[in-house]
Amino acid sequence: MHSATTIKELYRNTDEFTDKQITITGWIRSNRPSKNFGFIELNDGSFFKNLQIVYDSDLENFVEVSKLNISSALVIEGQFVLTPNAKQPFEIKATKIIIEGESSPEYPLQKKRHSFEFLRTIAHLRPRTNTFSAVFRVRSVAAYALHKFFNENNFVYVHTPIITGSDCEGAGEMFRVTTLDYDNIPRDENNKVDFTKDFFGKETFLTVSGQLNVEGFAQSLRDVYTFGPTFRSENSHTSRHASEFWMIEPEMAFANLEDNMRVGENMFKFLISYVLENCPEEMEFFDKFIEKGLIKKLENIVNSDFGCITYTEAIDILKEADVKFEFPVYWGADLQSEHERYITEKVYKKPVFVINYPKEIKAFYMRLNDDNKTVAAMDLLVPGIGEIIGGSERENRLEVLERRIEEMDLDIEDYEWYLDLRRYGSTRHAGYGLGFERALMYLTGISNIRDVIPFPRTPNSAEF
RNA sequence: UCCACAGUAGCUCAAUGGUAGAGCAUCCGGCUGUUAACCGGAGGGCUGUAGGUUCGAGUCCUACCUGUGGAGCCA
């Protein structure tokens, strides 16, 4: 990809390069000049850590180099030498420094800690900081880890549509997709907007979930998953909601709720192990500066079993809890954030599945249990974040599903294709959705979802 | 949408109702091994916006704007 040596290679295969003449490319993170020599901290994007460059007045452009601002781009030739008695393990004694691109004194990032809030206002520059370069490398590695997990377990990756004609996916407010001219909206005889004149000839939206689509593929390819962007237009103002986020949704034929939980737990543990193993420098940084004890926390997760309780048991625990909750606890009530937090943070202190919720508070497609009161749903709650996985065994009995659609006051005509899946050799099947950013928050200790997405979209904010 | 908190120099923050300040950054100078280098000097402000109270408002009051945290919704 490049002819230059990368800093990652220097750190990983140090011996190979000792005392060799090499070429390095990268950006200045810090420049400390004095009269006849100076030091540059260089980062080349290949690795979390920097490389120290020593330069002196033998360079023909010494004066220019000593005045370079942070973030200037350089090509450096020099000798790679070990420095066992210094703070850094090795450095480059520069013999030639070519200035590829100058920066300027107005460069807004300083050699000090900035608030995440300020960095969000310069989202195009924040990947140049330690924290965000680490976050986004981990994001990439985590995405790969998830693909690897599913691939190794013979799941087929399905690309479900981003634009959907179904306004009843049932998982929240949707963004409209249209090419209608707002200044001249076509109307029908009842003065309603005439969507037959719109691009697709009907109302269309951005997807809130690929689940219903991917269920169709599970009945052919058996174990499948989606991994793509998801859009919700709720006016949410919290540290764990974004209008555009990524979601992983596995769906498995011939699987029940038990299988579903097992896959969810294995996937989550694999993800953690893979990131710990492949991003040690980044994780060490997070452990030191973002969340003390992070690595220990994650290692504990990998080495222990997730908790599992039924909704009914959870209600009993909450009723007996010696804590004043703002919202009342009774069977049939949805679990509030404070309740979920109590269970996962105070009682279990680790991830815990809550299963078998009352059917009234869950989606129509979840399989009705034999008690006729609860559905085979599962939420995985984790400390600090709350719900990170939501899933269920799906209702695969045609009559029951039809009845549930009616009970929930949904229009059965919208679901004919979905009902077809139950008409032609339907199997028991189950799946879930993992919020990718929420998983990243848990992995990195970053407490705001806006800081694990490259260019976050939230209500009133779609900059860059 | 509701509740709470906050907006002062490029950044992070001070300032009892009484002359708006520091550290970092920037610029200039010094420095032969620095490590968020160090030392000396300089420039930098309509205190979020609009009203009001007061002899006097960064500070008190009202409204609005923006941001952050929390709730709801969920991943």
Side-chain angles (χ1 to χ4, degrees), chain A residues 29-41 49-58 66-67 69-70 81 83 85-89 91 93 103-122 129-130 169-174 208-211 227-249 264 289 325-327 334-341 361-363 379-382 385-391 432-442 447-453 458-461:
Chain A
R29 284 285 178 84
S30 156
N31 189 4
R32 295 185 292 273
S34 55
K35 193 178 182 185
N36 296 311
F37 66 94
F39 301 92
I40 287 173
E41 291 287 324
K49 292 183 174 173
N50 300 322
L51 174 65
Q52 174 159 287
I53 312 295
V54 195
Y55 60 95
D56 59 34
S57 49
D58 288 348
S66 70
K67 288 183 176 168
N69 295 109
I70 297 179
V81 292
T83 54
N85 298 318
K87 279 195 180 180
Q88 76 287 349
E91 64 188 17
K93 292 206 182 301
S103 183
S104 101
E106 280 78 47
Y107 181 66
L109 292 169
Q110 300 165 23
K111 290 179 291 186
K112 66 165 213 173
R113 212 187 176 94
H114 288 285
S115 66
F116 286 169
E117 215 173 315
F118 167 67
L119 292 170
R120 277 173 218 147
T121 68
I122 49 170
T129 63
N130 286 334
E169 293 184 12
E173 299 295 310
M174 305 177 85
V208 294
S209 164
Q211 182 205 317
F227 187 175
T230 305
F231 308 87
R232 308 263 170 102
S233 66
E234 275 116 13
N235 191 17
S236 297
H237 292 267
T238 80
S239 54
R240 58 189 193 285
H241 288 87
S243 310
E244 178 182 298
F245 63 98
W246 286 59
M247 191 155 65
I248 298 94
E249 296 177 285
F289 293 107
F325 293 115
E326 191 185 339
F327 292 89
D334 209 349
L335 296 183
Q336 305 293 323
S337 285
E338 57 175 350
H339 304 144
E340 297 181 345
R341 290 251 294 276
I361 58 174
K362 287 292 181 183
D379 284 358
L380 179 64
L381 311 179
V382 300
I385 292 164
E387 186 180 341
I388 199 164
I389 283 177
Y432 61 85
L434 167 75
F436 185 50
E437 283 78 11
R438 289 187 181 175
L440 286 173
M441 291 166 73
Y442 193 72
S447 57
N448 194 309
I449 196 167
R450 282 168 274 220
D451 298 326
V452 297
I453 306 180
T458 53
N460 214 23
S461 175

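Letters A, B, ... mirror the listed sequences (proteins, then strands); counts begin at 1.
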Less than 3.5 Å between a donor and an acceptor, one on the side chain of A:H241 and one on the base of B:rC74, is that the case here? yes
Contact nearer the 5' end of RNA chain B, comparing A:N448 with A:G435: A:N448
Rounded to whole Å, CZ of A:R240 lies from P of B:rA75 at a distance of 12 Å
Is the phosphate of B:rG70, meaning OP1 or OP2, less than 4.0 Å from a side-chain N or O of A:T238? no
Determine whether the side chains of A:S30 and A:R32 contain a donor N or O and an acceptor N or O closer than 3.5 Å. yes
Name the pairing partner of B:rC5, where a pair is Watson-Crick or G-U wobble with both distances under 3.5 Å, or state none. B:rG67
Whole-Å distance between B:rA6 P and A:H237 NE2? 19 Å
Atom-pair distance (CZ on A:R120; P on B:rU68), nearest Å: 6 Å
Parallel, tilted or perpendicular: which fits the ring planes of A:H114 and A:F118, with parallel below 30° and perpendicular above 60°? tilted
Between B:rC73 and B:rU16 - C1' atom distance, rounded Å: 46 Å
Among the nucleotides B:rU34, B:rA75, B:rA71, which one has an atom lying closest to any side-chain atom of A:Q88? B:rU34
Base, sugar-phosphate alone, or nothing: which one does A:F118 contact when heavy atoms must sit under 4.0 Å apart? sugar-phosphate
Has A:N85 got a side-chain N or O lying under 4.0 Å from the OP1 or OP2 atom of B:rG33? no
B:rU68, OP1 or OP2 - any side-chain N/O from A:R450 closer than 4.0 Å? yes
Look at all strands and tell whether A:A242 reaches a base, only sugar-phosphate, or nothing, counting heavy atoms closer than 4.0 Å. base
Who are the side-chain hydrogen bond (donor to acceptor under 3.5 Å, both in side chains) partners of A:K49, not counting sequence neighbours? none
Indicate, with a heavy-atom threshold strictly under 4.0 Å, whether A:E91 touches base, sugar-phosphate, or nothing. base
Please report the interatomic distance CG(A:N36) to OG(A:S66), rounded to the nearest 0.5 Å. 10.5 Å
Is the distance from OP1 or OP2 of B:rC24 to the nearest side-chain N or O of A:K112 less than 4.0 Å? no
Ignoring hydrogens and geometry beyond distance, is the side chain of A:K93 in donor-acceptor contact with the base of B:rG33 at under 3.5 Å? yes
Nearest listed nucleotide, side chain of A:R438, among B:rC27, B:rA75, B:rU12: B:rA75
Which of B:rU12, B:rA75, B:rA36 is nearest the side chain of A:K111? It is B:rA36
Interatomic distance at P, B:rA4 relative to B:rG56, whole Å: 32 Å
A:E106 and A:S104: side chain donor to acceptor below 3.5 Å: yes
Give a yes/no on whether any side-chain N or O of A:N36 is located under 4.0 angstrom from OP1 or OP2 of B:rC31. no
Would you measure the distance from the P atom in B:rC3 across to the matching atom in B:rC64 and give it in whole Å? 11 Å
Would you please determine if the base of B:rA75 is stacked by A:F436, with stacking meaning a centroid separation under 5.5 angstrom and planes under 30 degrees? no
Heavy atoms from C-beta onward define the side chain here; which of B:rU34, B:rU1, B:rC73 lies closest to that of A:Q336? B:rC73
Identity of whatever pairs with B:rC11 - Watson-Crick or G-U, under 3.5 angstrom: B:rG23
To the nearest 0.5 Å, tell me how far A:E117 CD sits from A:N448 CG. 9.0 Å
side-chain hydrogen bond (donor to acceptor under 3.5 Å, both in side chains) with A:E437: which residues, sequence neighbours excluded? A:R139
Looking at every strand, decide which applies to A:E338 at a 4.0 Å heavy-atom threshold: base, sugar-phosphate, or nothing. nothing
Which whole number of Å gives the distance between the C1' atom of B:rU49 and that of B:rU66? 10 Å
State whether the side chain of A:E338 and the backbone N or O of A:E326 hold a donor-acceptor pair below 3.5 Å, judged by distance alone. yes
Can you tell me how far P in B:rG44 sits from the matching atom in B:rC39, rounded to whole Å? 24 Å
Give A:D56 one of three labels, base, sugar-phosphate or nothing, depending on what nucleic acid heavy atoms sit under 4.0 Å from its own. nothing
Could A:D379 and A:K362 be called an ion pair, given the rule that one side-chain N must be under 4.0 Å from one carboxylate O? yes
Paired to B:rG17 by Watson-Crick or G-U wobble criteria (both distances under 3.5 Å) is none
Let me know the distance between CD1 of A:I70 and P of B:rC24, rounded to the nearest Å. 14 Å
Phosphate-side-chain proximity, A:S30 and B:rA36, N/O vs OP1/OP2 below 4.0 Å: no
Any strand, both distances under 3.5 Å, Watson-Crick or G-U wobble: B:rU34 pairs with none
What integer number of Å spans the P atoms of B:rA57 and B:rU1? 35 Å
Whole-Å distance, A:L380 CG to B:rC74 P, equals 17 Å
Partner of B:rG44 under the Watson-Crick or G-U wobble criteria, both distances under 3.5 Å, comes out as none
Would you mind telling me which residue lines up with the more 5' stretch of RNA chain B, A:E106 or A:A86, judged by nearest nucleotide? A:E106
Which value, in whole Å, describes the distance between the C1' atoms of nucleotides B:rU53 and B:rA75? 50 Å
According to the Watson-Crick and G-U wobble definitions, with both distances under 3.5 Å, which nucleotide is paired to B:rU54? none
Considering only side-chain heavy atoms of A:F39, which listed nucleotide, B:rG33, B:rU68, B:rC74, is closest? B:rG33
Would one find a side-chain N or O of A:Q110 under 4.0 angstrom from OP1 or OP2 of B:rG10? no
Using a cut-off of 4.0 Å on non-hydrogen atoms, how would the nucleic acid contact of A:L434 be classed: base, sugar-phosphate, or nothing? nothing
Do A:R450 and A:F116 touch side chain to side chain, with heavy atoms closer than 4.5 Å? no
Please classify the nucleic acid contact of A:P105 as base, sugar-phosphate, or nothing, using heavy-atom distances under 4.0 Å. sugar-phosphate
Rounded to whole angstrom, note down the P distance from B:rG10 over to B:rA6. 23 Å
Can you tell me the distance, in whole Å, between the CG atom of A:L119 and the C1' atom of B:rU12? 12 Å
Rounded to whole Å, how long is the line connecting atom CG of A:D334 with atom P of B:rC73? 6 Å
From the set B:rC31, B:rG69, B:rC74, return the single nucleotide nearest to any side-chain atom of A:S239. B:rG69
Whether A:R113 contacts B:rC13 is assessed here as follows: a side-chain N or O lying under 4.0 Å from the phosphate OP1 or OP2. Is that the case? no
Rounded to whole Å, please give me the gap between CZ in A:F327 and P in B:rG72. 5 Å
